[in-house]
2 protein chains.
Amino acid sequence: MRGLMVASIEDVAAAAKVSTATVSRAIRGLPRVSPVTRARILAVADDLGYVASPSASTLATGRTRTIGVLAPFVDRWYFGRVIEGVEQELREHSYNLLLFSLGGYASDRQRLFNRNMVRKQMDALVVLCLSLSDQELEQLHRTEIPLVAVGGPVSGCSSVRIDDSLAAAAATQHLLDLGHRDIGHLHGGWEDQLNFTVPGLRTEGFESTLHAAGLGPRSEWEVEGDYTVRNGVRAAVRLFDSPSPMPTAVFCASDEMALGLMFEARRRGIRIPEDLSIIGIDDHEFSEPAGLTTVGQDPTAHGSIAARMLIAELAGKTGAVRDSVVAHQLIVRGTTAPPCR
Amino acid sequence: MRGLMVASIEDVAAAAKVSTATVSRAIRGLPRVSPVTRARILAVADDLGYVASPSASTLATGRTRTIGVLAPFVDRWYFGRVIEGVEQELREHSYNLLLFSLGGYASDRQRLFNRNMVRKQMDALVVLCLSLSDQELEQLHRTEIPLVAVGGPVSGCSSVRIDDSLAAAAATQHLLDLGHRDIGHLHGGWEDQLNFTVPGLRTEGFESTLHAAGLGPRSEWEVEGDYTVRNGVRAAVRLFDSPSPMPTAVFCASDEMALGLMFEARRRGIRIPEDLSIIGIDDHEFSEPAGLTTVGQDPTAHGSIAARMLIAELAGKTGAVRDSVVAHQLIVRGTTAPPCR
DNA sequence: ATGAAAGCGCTAACAG
DNA sequence: CTGTTAGCGCTTTCAT
């Protein structure tokens with residue numbers, strides 16, 4: 001509790017008149033220390049404000065008690081939530097969280113994520129759904145630390161996520177059940193299709209459900225966004241500006257895009273849901289306030305689950321890290337209704 | 001590039017037929033190594049896939065090349081953006097980012113942020129505007145590492161932020177300039193007022209501007225939120241449900257609350273801006289799509305600036321960390337207009 | 001320009 | 001139950 005000089009294990013040992021080995025055991029709660037000795041050591045340590053040096057400990061044990069999180073962005077709803085979930089779980093188990101943000105999905109390949117960033121810095125890594133090059137993947141796997149993906153499959157990793165295809169199907173089916181037959185589709189981007197599979201999965205769920213109802217997607221009602229509100233608006237503009245007749249409903253691959261669509265619809269006096277039904281996926285924090293019907297997921301839970309699996313694996317429970325598909329949930333609010341024509 | 005065994009500095013030294021000291025110098029680009037030796041060492045190191053062990057290096061130097069970020073949340077617009085800004089700057093300078101999320105402003109005082117979490121783990125810390133107890137603050141300062149606050153003042157730290165009072169004044173003045181006299185106020189929470197000063201500053205800017213115009217705030221038009229959309233809606237409900245006459249405009253202390261107000265207004269058929277003008281603060285990512293008039297700030301820049309100051313300070317530029325008030329900017333969009341009555 | 005050697009602070013056998 | 005001791009992998013004088 002005093003002094004500016006940081007106490008080392010030797011200081012504690014000296015003050016408690018024991019060896020550093022005993023201090024080490026006592027502090028870490030290991031057996032083979034008599035209760036009274038332990039108490040004395042703990043008291044001394046507390047008095048000296050002793051805290052073990054993480055780097056010394058890491059160097060000696062080879063374990064860092066740190067888990068890395070690799071995300072394309074941190075300032076987007078899904079990722080922020082997942083990170084929050086990971087953080088909470090980690091903190092609970094006295095693990096640290098080392099954050100890496102790539103600043104985009106595949107953008108700047110200069111700062112390729114290489115195994116140098118991983119080695120000796122973390123005991124495990126959670127990879128938030130993004131498109132990694134084969135080379136990056138291979139490097140990651142070669143680090144041989146436990147890996148888990150969140151929010152989308154990553155080749156060769158277990159992952160925790162919803163069944164994106166089924167979620168899209170549920171959204172589409174809801175529209176169908178309301179009687180819609182003319183359904184538009186605001187989907188995610190395609191450039192990264194190869195590795196970033198979520199857009200593909202959601203599209204597949206949409207189209208297969210349509211087909212099962214004897215319908216097919218209509219290309220004039222297919223518009224591309226990138227999951228953001230901003231591009232939801234742009235996509236909406238394209239859709240509304242097109243000369244073809246409007247669909248009576250639109251399935252959006254993310255709530256943010258759906259919200260963008262809502263904003264643009266309002267701007268044009270298109271009434272929701274009277275003139276147009278809208279459904280999204282996510283249950284974004286704005287969705288309830290906006291009254292958006294959606295298929296919800298809980299990213300914070302995804303993060304906790306991933307962290308928990310990793311921690312268990314590190315604790316020796318081999319096989320703790322495995323695929324985990326978590327439930328999604330249709331949430332009907334005010335933006336969907338039977339078609340008026 | 002080969003092998004599963006991780007190469008140590010000794011392996012490199014052996015393979016290059018030099019001492020570890022020379023390898024160390026060569027790799028870190030230090031002088032006193034002949035060009036040819038250096039080239040050879042670099043080649044060998046590359047071949048062996050050698051990367052210095054951070055913990056060993058930390059142990060030897062006392063520097064971690066890691067900067068901590070302490071945030072109340074990571075899944076909120078402002079914080080996510082700041083973290084992104086910090087991250088980018090850090091990555092650029094090969095610093096790591098250790099993330100701590102408190103899961104709330106002052107919530108769980110169990111997991112008090114203590115100096116044990118800081119010591120020997122990071123070289124500097126950026127504290128995202130939150131209410132720290134005096135004890136926490138004192139502990140932080142006692143760690144004697146460079147500190148910088150972002151988004152709000154923290155006692156005893158330099159900080160980077162906008163002038164919240166002026167920003168609020170600008171928003172209010174815009175309403176006044178349009179001819180509004182009956183102006184409501186959707187402000188932030190007060191429980192944490194003591195330490196979390198932003199709500200107070202914005203309120204002060206609002207009220208002083210009103211006074212300067214010969215007006216005073218009207219308590220029936222003062223509603224409390226907590227900066228989120230969700231509570232923006234709740235506050236809007238209270239405002240609209242009150243029996244008193246409506247204001248012609250509302251100043252919201254955050255865009256999220258303003259957006260919540262917009263959603264609720266729309267639900268009740270209140271036209272924006274014809275029946276009610278709305279202005280916020282932030283320039284949240286939803287604001288442009290929603291057409292919300294606001295006073296914008298750029299949190300990503302705040303984060304970069306903070307990180308840059310810290311890095312400079314750590315590089316020996318004493319005094320690099322200092323207060324930095326960055327500009328805000330009135331952005332007029334579609335939610336404000338002259339009053340219709 | 002290069003090397004030898006002493007740490008940095010902790011952990012993990014191995015003894016006792 | 002407790003102590004001794006040899007590292008963990010790198011940096012840094014101090015010599016040469």
Side-chain angles (χ1 to χ4, degrees), chain A residues 3 5-42 44-45 48-66 94 96 116 118-123 314 316, chain B residues 3 5-42 44-45 48-66 94 96 116 118-123:
Chain A
M5 202 32 211
V6 279
S8 79
I9 198 172
E10 294 224 44
D11 302 326
V12 179
K17 302 192 197 315
V18 290
S19 71
T20 62
T22 304
V23 174
S24 181
R25 292 186 200 108
I27 299 250
R28 290 181 299 156
L30 262 37
R32 303 167 153 264
V33 180
S34 83
V36 7
T37 319
R38 185 187 305 271
R40 177 161 37 95
I41 293 175
L42 258 27
V44 170
L48 263 41
Y50 170 72
V51 182
S53 151
S55 35
S57 168
T58 292
L59 190 53
T61 61
R63 272 169 295 88
T64 62
R65 286 207 77 81
T66 294
S94 306
N96 278 132
N116 301 344
V118 172
R119 279 169 63 175
K120 301 288 185 186
Q121 301 227 87
M122 56 189 81
D123 298 336
L314 291 174
Chain B
M5 201 33 211
V6 279
S8 79
I9 197 172
E10 295 224 47
D11 302 327
V12 178
K17 302 194 198 312
V18 290
S19 71
T20 62
T22 305
V23 174
S24 181
R25 292 184 198 107
I27 299 249
R28 289 180 301 155
L30 262 36
R32 301 169 156 262
V33 180
S34 85
V36 5
T37 321
R38 185 186 306 271
R40 178 161 36 96
I41 292 175
L42 260 26
V44 170
L48 263 40
Y50 170 73
V51 182
S53 150
S55 36
S57 167
T58 293
L59 189 55
T61 61
R63 272 169 296 86
T64 63
R65 286 207 79 81
T66 293
S94 307
N96 277 132
N116 302 344
V118 172
R119 279 171 62 177
K120 302 288 184 183
Q121 301 226 85
M122 57 188 82
D123 298 336

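Per chain, numbering begins at 1; letters A, B, ... match sequence-line order. The shown structure was predicted, so the numbers you read here are calculated from the model rather than taken from an experiment.
Chain A approaches DNA chain C within less than 4.0 angstrom (heavy atoms of the protein), and the contacting nucleotides run 5' to 3' from C/dG9 to C/dA13.
Between B/L59 atom CG and D/dC8 atom P there is a gap of 14 Å when expressed in whole angstrom units. With rounding to whole Å, B/R25 atom CZ is found 11 Å from D/dT11 atom P. Computed from coordinates, the B/D11 CG to D/dC10 C1' distance equals 13 Å when rounded to whole Å. Going from atom CD of A/E10 over to atom P of D/dT5 covers 13 Å, rounded to whole Å. The CZ-P distance, from A/R32 to D/dT4, rounds to 17 Å in whole Å. Between B/L48 atom CG and D/dC10 atom P the separation is 12 Å, expressed in whole Å. The distance from atom CG of A/L30 to atom C1' of D/dC1 is 13 Å, rounded to the nearest whole Å.
The shortest non-hydrogen separation linking A/R25 to A/P31 is CD-O, 4.0 Å. Taking both residues in full, the closest heavy atoms of B/G49 and A/R119 are given as O-NH1, 3.0 Å, listed atom of the first, atom of the second, then distance. Smallest separation of non-hydrogen atoms from A/D123 and A/R65: OD2-N, 2.7 Å. What you find for A/A26 and A/R38 is that their closest heavy atoms are O-NH1, 3.2 Å. Pairing each heavy atom of A/V23 with each of A/I9, the nearest pair is CG1-CG1, 3.6 Å.
Note: A/K120 NZ to A/T58 OG1 = 10.0 Å, rounded to the nearest 0.5 Å.
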Decide side chain to side chain contact (heavy atoms under 4.5 Å, CB included) for B/R40 and B/V18; before the verdict, give the C-alpha distance in whole Å, the side-chain angles of both, and the deciding distance to 0.1 Å. CA-CA 10 Å; B/R40 178 161 36 96; B/V18 290; 4.0 Å; yes
Can you check side-chain hydrogen bond (donor to acceptor under 3.5 Å, both in side chains) on B/T22 and B/S19, steps first, answer last? CA-CA 5 Å; B/T22 305; B/S19 71; 3.2 Å; yes
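Of the side-chain N and O atoms in A/S19, none sit less than 4.0 angstrom from OP1 or OP2 of D/dT2. Listed pair B/S24 / D/dC10 fails the phosphate criterion, with no side-chain N or O lying under 4.0 Å from OP1 or OP2. Taking only side-chain nitrogens and oxygens, A/S34 comes nearer than 4.0 Å to OP1 or OP2 of D/dT2.
Looking at heavy-atom distances under 4.0 Å, A/V12 makes no contact with the nucleic acid at all. The residue A/A21 sits close to a base: some heavy atom pair falls under 4.0 Å. When heavy atoms are screened at a 4.0 angstrom cut-off, A/R28 is found touching the sugar-phosphate backbone but no base atom. Nucleic acid contact class of B/V18 (heavy atoms, under 4.0 Å, all strands): sugar-phosphate only.
Distance alone, capped at 3.5 Å, is enough to place a donor-acceptor pair between the B/T61 side chain and the B/S57 backbone.
When side chains are defined from C-beta on, B/S55 does not count as touching A/T64, because their heavy atoms never get closer than 4.5 Å.
Comparing B/R40 and B/A60 by the nucleotide of DNA chain C whose heavy atom lies nearest to each, the residue mapping closer to the 5' end is B/R40.
Side-chain proximity of A/T37 to the nucleotides D/dC1, D/dT11, D/dT5 is greatest for D/dC1.
Over its length, the helix from C/dA1-D/dT16 to C/dG16-D/dC1 turns its helix axis by 30°, as judged from the five terminal pairs at each end, rounded to 10°.
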